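Here the structure is a predicted model, which is why all the values come from computation and not from measurement.
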Amino acid sequence: MGERSVVPSAPSAPELVIEAEGGSQVMSPSRTYQVGRDPDSDIVLRDARVSWHHAVLRPVGDHWTLEDSGSTNGTYEDGRRIGTLDVHPGSVIRFGNPADGPAAVVTGTAPEPAAAPAGAPSGVSHPSATGTFRRPTTVRPLPTRTVRVGRSEDNDLVVDDLVVSRHHAELRALPEGDYEIADLGSHNGTYLNGRRITAEPLRPGDIVGIGHSAFCLVGDQLQEYVDTGEVSLDAQGLSVRVDKGRKTLLEDVSFPVGARSLLAVVGPSGAGKTTLLGALTGLRPADDGAVLYDGRDLYHDYAELRARIGLVPQDDILHTQLTVRRALRYAAELRFPGDTARAERQARVEEVIGELGLDQRAGQPIHSLSGGQRKRVSVALELLTKPSLLFLDEPTSGLDPGMDRSVMTMLRTLADDGRTVIVVTHSVLSLDVCDRLLVLAPGGRTAYYGPPAEALRYFGFSAWPEAFEAFENDRARDWAAEFRASPQHRAYVSGVAERAAARPAGRPPPAPEKPATAQSWGAQLWTLTRRYVAALTSDRTFLAIMIALPFVMGAMTRALAHGRFTDSSAMPALLVLCVGGFLTGAANAVRELVKERVIYRRERVVGLSRSAYVMSKILVLGVITIAQAVVLTLVALAGVDLGAPGGQGVLLPPLAEITLAVALLGFTAMMLGLLVSSLVRKEEVTMPLLVFLAIVQVVFCGAQLQLHGVTGLEQLSWLVPSRWALAAMAATVDLHHIVPGDLTADPLFRHTTGIWLLDAAMMVVLSVVLGLLTARALRRREPAVMRK
C-alpha cells in the first residue's frame with residue numbers, strides 16, 4: 001500500500017523488475033534489499049529451506065549484485081551454488097535448493113512512470129513499505145468527463161467493498177483541463193491525502209481514499225490500489241508523557257512489524273503496554289515519534305486510516321444479553337453504509353461467523369459462552385469491516401491454559417490469512433506462535449524486540465518469571481541501553497530501519513475531524529434504539545425489577561392514604577409517591593451508561609454519534625419510566641378521595657395531574673441516573689449513590705423540613721427534582737387546606753395555574769440540563785483523539 005521516500009545515492013544502476021512468490025517488485029537503485037524468510041525482509045520467501053536472512057541484493061556502480069548471507073542451504077544459479085552473483089535481466093536464482101527451491105526471476109528493467117508522492121500506494125515502480133510489491137488493480141485513462149466510483153454495478157469504477165456507498169464519489173474533468181474529486185454524500189467519506197473532503201481539485205500524485213481502496217493520478221492514468229490487509233506497521237521513537245511532561249509512560253519505543261505478522265507485547269505491570277496500544281492505534285497519539293501504516297503517517301491520515309484498524313479491548317464490546325448473530329447484525333448496521341442491503345450485511349455476518357468457527361454458537365446468548373468463545377465474538381465484530389491491523393488488549397486474561405492457547409492460535413490464523421495482528425498480554429504460555437515479541441521494561445522502555453524463541457536466552461534466564469522478577473528487583477538497570485547495543489537490535493530494529501532507508505518527513509497532523517458515520521443520525525438512533533430494546537428485554541432481572549417496583553411503591557402509598565387524603569395521611573402518601581417515582585426512574589438508568597462504557601468507547605471511534613447514543617437511552621428508558629409512573633400512580637391513588645377543592649385539580653382532574661407530576665419526576669430522575677452513570681468509573685458504586693440520592697429527595701422535597709424562606713436550603717432545593725414534583729402534587733390537591741400549617745404554606749404549594757405550571761416546567765428544565773451534562777460527561781470518557 002504505502003511507499004517510503006528514499007534518498008538517492010547517485011543511482012546509476014537500472015531499476016530491475018523481479019518476480020518471486022507469485023508477485024513482482026521493482027528494485028530501486030537507491031537502496032539494498034534483503035531476501036529471506038523473515039517477514040520483515042524486502043523479498044519474503046516462505047519456504048522452510050530458505051534462511052531467515054538468506055541473501056542481499058544491492059546496486060554496485062552500474063549493475064546489481066546478489067550476495068549470499070551465509071545461508072544454510074545456499075543460493076543457486078543454473079544449478080551452481082554462488083556466493084556473489086552479478087544480476088541482470090534474464091537471471092533466474094533459486095534459494096535453498098538448486099532444483100525446486102523458490103525462484104526469483106529478473107524479468108527486465110522498469111519503465112519510467114510519473115513518480116508517486118511519499119506515502120502513496122505502491123505502484124509500478126514504487127516498492128511498498130513491506131517489501132511485497134503490489135501492482136494497481138485498476139488502471140484507466142483519465143476521464144474526458146466524469147468517472148463515478150461506488151459499490152453499485154452501474155458505476156464507471158465498481159469497488160466491491162461494503163464500507164463503500166453505492167454511489168460514493170466522482171472524478172470530474174474540469175474545462176481548464178484539471179480534475180476534481182467530489183464526494184456524493186457517502187456515509188464513510190472520501191479522503192484526499194488523508195483528509196475528508198466534499199469536493200476538491202485533484203492534482204497529479206494526490207491520493208484519494210475510498211473504503212479500502214486508494215486512487216492516484218500517475219501520468220495520464222487513474223490507478224487503483226486495494227488495501228488487502230497485508231500491511232506493515234512501523235513505530236518510530238514513540239514517547240508518551242503526562243502531568244505536563246513530568247512523568248514518562250513510554251520512552252523512545254521503536255520497532256517494525258511486517259505484513260501477515262503476529263506481534264506479542266509483554267512486560268510487568270506499569271511498563272506502558274496499554275499506553276503503547278493507545279499510541280499505535282491513534283486513540284492516544286504519542287507526544288513524540290510517528291506510527292507508519294504501510295509507509296503512511298497514521299496520525300496525519302488518521303481520519304481515513306482509523307477505519308482499517310480493529311481494536312478488541314480486554315472487556316467485552318458486545319451486549320452479552322443478545323445472541324451472537326443478533327449482536328453482530330446490529331454492529332453491521334452501525335458500521336456499514338445505510339444503503340447496504342440487509343442481505344449484504346447478513347451475508348458478511350455469516351461469513352465472519354464461519355471464519356471464526358462460531359457456527360454452532362451463533363444462536364446462543366453471548367453471556368452463556370466460555371471466555372474464549374466470547375473473545376472470538378469480539379474479534380468477529382472487528383472483522384466485519386475487514387481491518388488490516390488488528391489490536392487486542394489482554395485477550396487471554398482470566399482464561400485457562402487450554403483456552404489461552406486456543407485464542408493465540410486463532411490470532412496466528414488471522415495473521416496468516418493476511419492481517420497484521422498485535423496482542424498485548426500478560427500470558428507467556430503461547431508466545432511461540434508469534435513472529436515477534438516486544439518486551440517492555442518498567443518506564444515504558446524497550447527491553448527486547450525479536451523472535452520469541454531468542455528472548456529468554458537474550459535475558460539469560462530459563463523461565464519468564466525470573467525475567468519479570470529481574471525487572472522489578474533491578475530498577476536501576478538500563479534495559480533499553482543494553483538492548484540498543486545488542487546484536488538483536490541491529491538485526492531486528494536498526495537493520496530493518498536501514499533497509500527502509502529514508503522515511504516520510506514528519507508532517508503536522510491536520511485539524512481534528514468529526515469521525516465519519518456509516519449511517520445518518522436518524523438511522524443510528526433507530527438501530528441503537530432497537531438494539532437497546534432487544535438487550536433490555538433479554539435481561540430478566542431488569543424486567544422483574546422494572547415490573548415489580550411501581551406495584552410495590554404504589555401499594556405502600558395506597559396503604560398510607562387510607563382511602564382518602566386527610567391531615568394525617570396526605571403528606572406521607574405524597575412523600576412515598578415522590579420517593580417511588582424517583583426510585584423507579586433513577587434505578588432504571590443509573591447503571592446503563594457505565595456498564596456499556598467499553599462498547600461506547602469503541603463504537604464512538606468508528607463513527608457512533610454521541611447524541612444519537614444518549615437519545616436512544618432517553619427514548620427507551622423514558623417510555624419505560626413514564627409507563628411505570630402511570631402504573632405507580634394508578635395503583636396508589638385510583639379510587640382515593642384526594643380532597644381537591646370541588647374535586648378538581650388546577651387544570652385537569654386531580655388523578656391526571658398527579659400522574660403527570662409523577663411521570664415528570666420519574667423522567668427527571670431517569671436523566672439524573674444517566675448523569676450519575678456517565679460520571680462514575682465502576683458499576684458497583686451506582687447502588688450506594690442511588691440510596692444517597694433517594695435520601696436527598698426525602699430531605700429536600702419539602703415534606704419534612706420547611707424550605708421556603710430559609711436562605712441556602714431553599715435555593716439548594718431547587719436542584720432537587722422531588723421538590724418540584726411534591727409542590728405540583730400539593731398544588732393539585734391544595735395541600736395547605738387539607739393540612740394547615742407553616743410547612744404547607746410554601747408558596748410553591750399554592751393551588752393556582754401559574755404555580756402548577758412553574759412546578760412542572762422546572763422538572764422539564766432540570767431534565768434538559770441533566771441531558772446536556774450527560775453528553776458532556778460522556779465526552780470526557782471518550783478516547784483522547786475523539787475529544788479534540
Side-chain angles (χ1 to χ4, degrees), residues 233-257 263-293 297-300 302 309 311 313-314 391-394 422-426 436-450 455 458-459 464 467-486 488-490 492-494 496-497 503 505-509 512 601 605 681 780-788:
L233 188 73
D234 194 0
Q236 301 180 349
L238 300 180
S239 296
V240 175
R241 293 177 292 276
V242 293
D243 296 337
K244 298 181 179 181
R246 291 190 294 268
K247 183 178 180 181
T248 300
L249 301 181
L250 205 66
E251 183 177 342
D252 195 22
V253 174
S254 300
F255 59 88
V257 187
L263 166 68
V265 181
V266 301
S269 297
K273 300 186 294 297
T274 300
T275 303
L276 175 64
L277 201 64
L280 295 176
T281 57
L283 295 181
R284 198 297 186 190
D287 298 300
D288 296 317
V291 178
L292 302 185
Y293 175 102
D297 188 327
L298 175 65
Y299 296 162
H300 185 276
Y302 184 71
I309 297 174
L311 172 62
Q314 183 174 349
F391 295 86
L392 300 99
D393 188 7
E394 301 286 357
I422 298 177
V423 53
V424 171
T425 180
H426 277 103
R436 288 288 185 269
L437 173 66
L438 172 65
V439 182
L440 292 177
R445 293 169 293 176
T446 305
Y448 173 81
Y449 180 80
Y458 166 79
F459 288 119
W464 280 106
F468 281 88
E469 187 178 36
F471 287 141
E472 294 296 327
N473 295 338
D474 198 355
R475 292 273 181 168
R477 184 173 174 180
D478 194 340
W479 299 92
E482 292 180 17
F483 178 65
R484 284 194 298 270
S486 69
Q488 285 81 2
H489 186 274
R490 289 191 293 274
Y492 306 122
V493 179
S494 60
V496 175
R503 288 169 174 150
R507 296 177 291 175
R601 285 169 59 92
V605 173
R681 292 182 178 273
R780 295 179 56 206
R781 297 298 183 187
E782 293 171 0
V785 71
M786 303 304 299
R787 298 198 298 268
K788 295 182 179 179

> Do Asp393 and Thr274 pass the side chain to side chain contact (heavy atoms under 4.5 Å, CB included) test, and can you show the C-alpha distance, the side-chain angles, and the key distance before you say yes or no?
Replying inline: CA-CA 7 Å; Asp393 188 7; Thr274 300; 4.0 Å; yes
>> side chain to side chain contact (heavy atoms under 4.5 Å, CB included), that's the test. Do Asp234 and Val257 meet it? Break it down for me.
In response: CA-CA 6 Å; Asp234 194 0; Val257 187; over 6 Å; no
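- Side-chain atoms of Val291 and Gln236, non-hydrogen and from C-beta on, never get closer than 4.5 Å to each other.
- Contact of the Ile422 side chain with the Val265 side chain is registered, since non-hydrogen atoms from C-beta on lie closer than 4.5 Å.
- Under the salt bridge (Lys or Arg N to Asp or Glu O under 4.0 Å) criterion, Glu469 pairs with no residue, sequence neighbours left out.
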>> Does Arg445 form a side chain to side chain contact (heavy atoms under 4.5 Å, CB included) with Val439? I'd like the steps, not just the answer.
In response: CA-CA 9 Å; Arg445 293 169 293 176; Val439 182; over 6 Å; no
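- Between Tyr448 and Tyr458, the ring planes lie tilted relative to each other; the angle falls in the 30° to 60° range.
- Asp478 contributes a side-chain N or O that, together with a main-chain N or O of Ala481, makes up a donor-acceptor pair within less than 3.5 Å.
- Going from atom CZ of Arg490 over to atom CZ of Arg484 covers 13.5 Å, rounded to the nearest 0.5 Å.
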> Does the pair Arg436 and Tyr449 meet the rule for a side chain to side chain contact (heavy atoms under 4.5 Å, CB included), with working shown?
Replying inline: CA-CA 7 Å; Arg436 288 288 185 269; Tyr449 180 80; 3.4 Å; yes
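- Summarising the geometry of Ala235 relative to Leu280, their closest heavy-atom pair is CB-CD2, 4.0 Å, with the distance given to 0.1 Å.
- A pairwise comparison of heavy atoms in Pro313 and Leu311 identifies CD-O, 3.4 Å as the closest pair.
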>> Between Phe471 and Phe459, is the ring pair (Phe, Tyr, Trp, His ring centres under 6.0 Å) condition met? List the steps.
In response: CA-CA 11 Å; Phe471 287 141; Phe459 288 119; 5.7 Å; yes
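- Applying the salt bridge (Lys or Arg N to Asp or Glu O under 4.0 Å) test to Asp288 and every residue at least two apart in sequence or in another chain returns Arg241.
- The minimum heavy-atom distance linking Leu438 with Leu263 is given by the pair N-CD1, 3.8 Å.
- Ring centroids of Tyr293 and Tyr302 are separated by 6.0 Å or more, keeping the two rings apart.
- A salt bridge is defined here as a Lys NZ or Arg NE, NH1 or NH2 lying under 4.0 Å from an Asp or Glu carboxylate O, and Glu394 with Lys273 fails to meet this definition.
- Using a 4.5 Å heavy-atom threshold, the side chains of Val424 and Leu392 count as separate.
- Between Ala441 and Ala271 the shortest heavy-atom distance is O-CB, 3.6 Å.
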Hey, can you pull the donor-acceptor pairs under 3.5 Å for the side chains in residues 247-255, sequence neighbours left out?
from	atom 1	to	atom 2	distance (Å)
Ser254	OG	Gly237	N	2.6

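- Contact detail for Val493 and Pro256: the closest heavy-atom pair is CA-CD, 4.3 Å.
- Among all heavy-atom pairs drawn from Leu298 and Gly282, the shortest one is CD2-N, 4.2 Å.
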